[in-house]
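Heavy atoms only: backbone and side chains are in, while hydrogens, waters and symmetry mates are out. Just so you know, these numbers come straight off a predicted model, no measurement behind them.
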Amino acid sequence: MVRNNTISMHFIRHFILVLIIPITVSGLLQSYILFQNTYESILNDAKRSIAKADLYFTLVVQNTENIANIVCFNSGVQKALTSGFLLKNAPDNYELWKEARESLIGNFIPYENIFSNAIIFNEYGNVVLSLYRFNENASLFDYEWFDVIKDSYGQGVWIPSHVDSYDSNSSQDHVITLAKKIRVFNLEGIETDLGYLVINISEQKLYNMFSNFVVSNSSSFHVQDRNGKIIIHSDNQSVGKQSGIKLPDNKSGVFFDDVNGVKKLISYYKNEKTGWFLVESALVSDIFGSNRHYLISTLLISMALLIIFIFVSVKFSNSISKPIHELEAQIGFVENGVFNMEFKIRKTNIFEIDRLVNRFKTMVQRLNSLIDEVYKSKIKEKELEAAVNQAELTSLQQQINPHFLYNTLDSINWMASLGANEEVSKMVTALSDFFRFSINRGINFVTIASEVENIKNYIFLQQIRFGPALCIEMDIQPEVNEYMTMKLLLQPVVENSIIHGIQSKVGGGEISIKIYKENDSIIFLVKDNGCGMDQATIDRIMSPDKKIKSVGLRNVIQRLSLFFPDRYTFDIQSRLNVGTTVKISIPCFRDEEELNRVFNGQGTEHAK
């Protein structure tokens with residue numbers, strides 16, 4: 001009973017790990033991602049919304065100021081001001097009133113949807129002209145903000161929201177006002193005041209415009225000054241009061257704040273024309289409410305799934321626990337290497353479990369026979385691979401001998417024709433030493449000291465042939481002599497420099513041979529100042545295509561790839577008419593056993 005409970009708990013834990021936790025984590029992660037995306041989207045929307053509102057407000061302010069400038073310099077307006085005309089005397093001088101009013105109307109008609117009225121006062125504060133109905137007996141001096149415009153020097157002054165009781169067209173609605181002096185230069189060049197222009201803008205129409213840019217249905221919009229005093233608001237009772245929102249010093253921004261105990265998202269933008277701040281506030285609960293509902297739904301679903309899966313896992317585990325324990329015992333025998341045991345697993349009448357047991361029996365029997373087959377097959381494969389590699393190595397190595405023999409015998413024949421018998425004798429001796437080194441079968445690795453001695457014999461043969469036209473310098477680091485290398489590594493490289501680099505160059509050339517140790521590698525560097533080679537030739541030499549025929553550098557590359565797979569480098573740098581540099585790198589090793597350790601078991605078939 002204890003074992004069954006343990007298996008049940010095992011299944012429950014796995015169900016939780018495999019299904020419930022991923023589902024819950026996925027739901028929470030999706031909720032978090034949704035919240036983050038919603039959060040970023042709302043902040044960006046708020047920034048764009050308030051920026052658009054400011055752009056539109058700036059256009060309204062800019063256009064109003066432009067119209068004010070045009071009106072102030074309008075000849076009809078200035079004529080009415082200088083003539084002493086007053087609005088209440090219009091019937092007595094109808095033509096003058098008509099001319100001045102048409103001049104005024106022509107500038108304001110394009111923006112009549114937002115302007116409440118435009119009034120021109122003379123320098124004594126009396127009404128001269130008005131765009132719409134206005135109390136003709138009004139006096140500009142009666143406005144409480146008159147002192148502000150009186151002290152200005154002709155620039156426009158923006159007046160916060162207020163009620164203009166003289167403006168019949170605004171119907172006692174709140175307006176914001178642009179007031180500006182009308183000034184002109186007289187004949188003496190002195191600037192004098194002719195009067196004043198007052199433009200009333202409907203606050204309600206302006207606020208309706210702002211409502212097109214709100215970020216949510218719960219958003220409210222208002223304009224306040226730098227001290228927090230409300231200038232424009234949908235609720236006229238709030239105008240002139242403190243908003244309760246303290247804005248940072250930045251030009252614009254978005255932040256969360258508690259306003260009268262309510263959490264709100266505040267976005268603001270400072271209007272450069274007026275110095276006022278456009279402020280939008282939205283309830284956080286309305287903005288993020290849908291995301292919170294999604295999170296709660298995810299948690300509830302996850303809890304329901306957890307209960308369901310625990311119940312299912314208990315029922316399922318109990319139905320298969322006993323045969324599983326029996327199969328586990330049989331597997332223990334197999335783990336200990338016992339394949340000929342007697343199977344004592346009861347039939348469960350559960351198709352999947354019975355089939356699993358039968359296949360396990362078949363698998364154990366087949367495994368026993370396959371182990372023997374694979375073992376024998378691997379031995380044959382290793383033997384075959386070693387034989388093939390050795391045959392290929394022998395073939396590649398033997399390609400060098402006929403090629404070099406042909407060139408050397410040609411040199412000996414040339415010396416013999418000159419009657420240099422002593423030199424011929426030395427060449428034959430050097431040649432025999434070289435070939436004794438080359439055809440020493442069964443040895444693929446030699447010490448670097450032996451390789452250097454062999455290349456010296458080869459160089460001696462070539463210097464007799466080419467004479468002073470061939471200059472060779474050798475710089476061998478003493479400590480590398482005890483290390484081993486692939487036999488006949490340098491000869492094909494040096495031969496390539498002589499035949500394809502120096503022989504074709506007028507005046508001969510120089511070859512430098514350097515061998516040194518660098519970290520865990522031995523570096524062979526052969527450099528000549530011969531004719532060089534183009535990139536196409538380099539690509540052909542370096543090509544992995546074995547069908548390309550070559551007995552020189554490609555022979556070296558192919559043998560390196562067999563002896564030092566993935567542990568060697570072979571690089572050619574060459575410029576036409578400048579020279580060629582060949583750099584070879586192989587791992588450091590003092591004997592074949594050390595080489596095998598370098599390759600962690602690779603190369604055991606080659607190192608013979």
Side-chain angles (χ1 to χ4, degrees), residues 385-404 433-459 474 476-477 479-497 511 513-527 541-542 544 546 550-572 581-608:
E385 181 181 356
V388 170
N389 287 340
Q390 186 60 42
E392 184 173 0
L393 284 171
T394 302
S395 174
L396 289 172
Q397 191 172 359
Q398 288 179 348
Q399 290 181 36
I400 297 177
N401 296 336
H403 186 68
F404 173 65
D433 290 341
F434 177 83
F435 273 104
R436 185 180 299 108
F437 178 86
S438 177
I439 65 176
N440 193 351
R441 299 186 179 278
I443 298 177
N444 293 321
F445 299 104
V446 297
T447 62
I448 292 179
S450 299
E451 181 70 10
V452 170
E453 187 64 29
N454 184 61
I455 197 61
K456 287 181 179 179
N457 287 328
Y458 174 77
I459 291 173
M474 299 185 68
I476 314 300
Q477 193 178 71
E479 66 177 283
V480 304
N481 286 322
E482 62 181 2
Y483 290 99
M484 301 192 74
T485 181
M486 180 180 72
K487 186 170 67 174
L488 292 179
L489 173 66
L490 286 174
Q491 185 273 330
V493 181
V494 176
E495 181 183 22
N496 183 80
S497 293
I511 299 176
I513 302 173
K514 294 182 67 176
I515 306 176
Y516 58 93
K517 184 176 181 291
E518 185 177 273
N519 298 326
D520 295 329
S521 300
I522 300 296
I523 308 300
F524 298 84
L525 195 66
V526 179
K527 182 177 181 181
I541 294 172
M542 301 299 293
K546 294 185 178 181
S550 175
V551 295
L553 298 181
R554 282 182 54 79
N555 176 276
V556 176
I557 296 174
Q558 292 175 10
R559 289 189 296 131
L560 284 170
S561 66
L562 289 173
F563 284 126
F564 310 105
D566 301 326
R567 293 299 301 273
Y568 78 95
T569 60
F570 189 99
D571 180 65
I572 301 176
T581 299
V582 176
K583 183 178 180 180
I584 303 172
S585 171
I586 64 172
C588 294
F589 66 102
R590 291 182 176 83
D591 52 43
E592 295 165 8
E593 182 179 351
E594 186 175 349
L595 176 63
N596 290 334
R597 288 197 301 270
V598 170
F599 282 93
N600 294 322
Q602 297 184 31
T604 54
E605 292 82 17
H606 311 307
K608 293 183 179 179

key: Residues L560, L489; criterion side-chain contact (heavy atoms from CB on, under 4.5 Å); working and verdict   = CA-CA 9 Å; L560 284 170; L489 173 66; 4.1 Å; yes
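Nearest heavy-atom pair across M542 and I572 is SD-CD1, 4.0 Å. Of all the heavy atoms in N454 and L488, the pair that sits closest is ND2-CD2, 3.6 Å.
Counting heavy atoms from C-beta on, the side chains of T447 and N481 never come closer than 4.5 Å. Counting heavy atoms from C-beta on, the side chains of V582 and N496 never come closer than 4.5 Å. In this structure, K456 and M474 have side chains that are in contact, with non-hydrogen atoms separated by less than 4.5 Å. Taking the side chain as every heavy atom from C-beta outward, T569 and K583 never approach each other to under 4.5 Å.
Every salt bridge (Lys or Arg N to Asp or Glu O under 4.0 Å) that E482 has, sequence neighbours left out, goes to R590. When the side-chain hydrogen bond (donor to acceptor under 3.5 Å, both in side chains) test is applied to T581, no partner is found at least two apart in sequence or on another chain. Taking the side chain to side chain contact (heavy atoms under 4.5 Å, CB included) definition, one finds that D520 meets it with nothing, sequence neighbours left out. Partners of K517 under the side chain to side chain contact (heavy atoms under 4.5 Å, CB included) rule, at least two apart in sequence or in another chain, are Q477, E479, V480, Y483, I522, C588. For T485, the side-chain hydrogen bond (donor to acceptor under 3.5 Å, both in side chains) test picks out no residue, with sequence neighbours left out. With sequence neighbours left out, S521 forms a side chain to side chain contact (heavy atoms under 4.5 Å, CB included) with I523, S585. For S561, the side chain to side chain contact (heavy atoms under 4.5 Å, CB included) test picks out Y568, with sequence neighbours left out.
Taking CE of M484 as the reference point, atom CD1 of I448 lies at 9.5 Å (rounded to 0.5 Å). The CG atom of N555 sits 12.5 Å away from the CD1 atom of I541 when rounded to the nearest 0.5 Å. Interatomic distance, CZ of F570 versus CZ of R554, reported as 10.5 Å (0.5 Å rounding). To the nearest 0.5 Å, atom CD1 of residue I586 and atom CZ of residue F524 are 4.5 Å apart. The CG atom of L553 sits 11.0 Å away from the CD atom of Q558 when rounded to the nearest 0.5 Å.
Here the rule is side chain to side chain contact (heavy atoms under 4.5 Å, CB included) with V446, and of M486, E453, K487 only K487 fits it.
In this structure, F589 and F564 have tilted ring planes: the angle between them lies in the 30° to 60° band.
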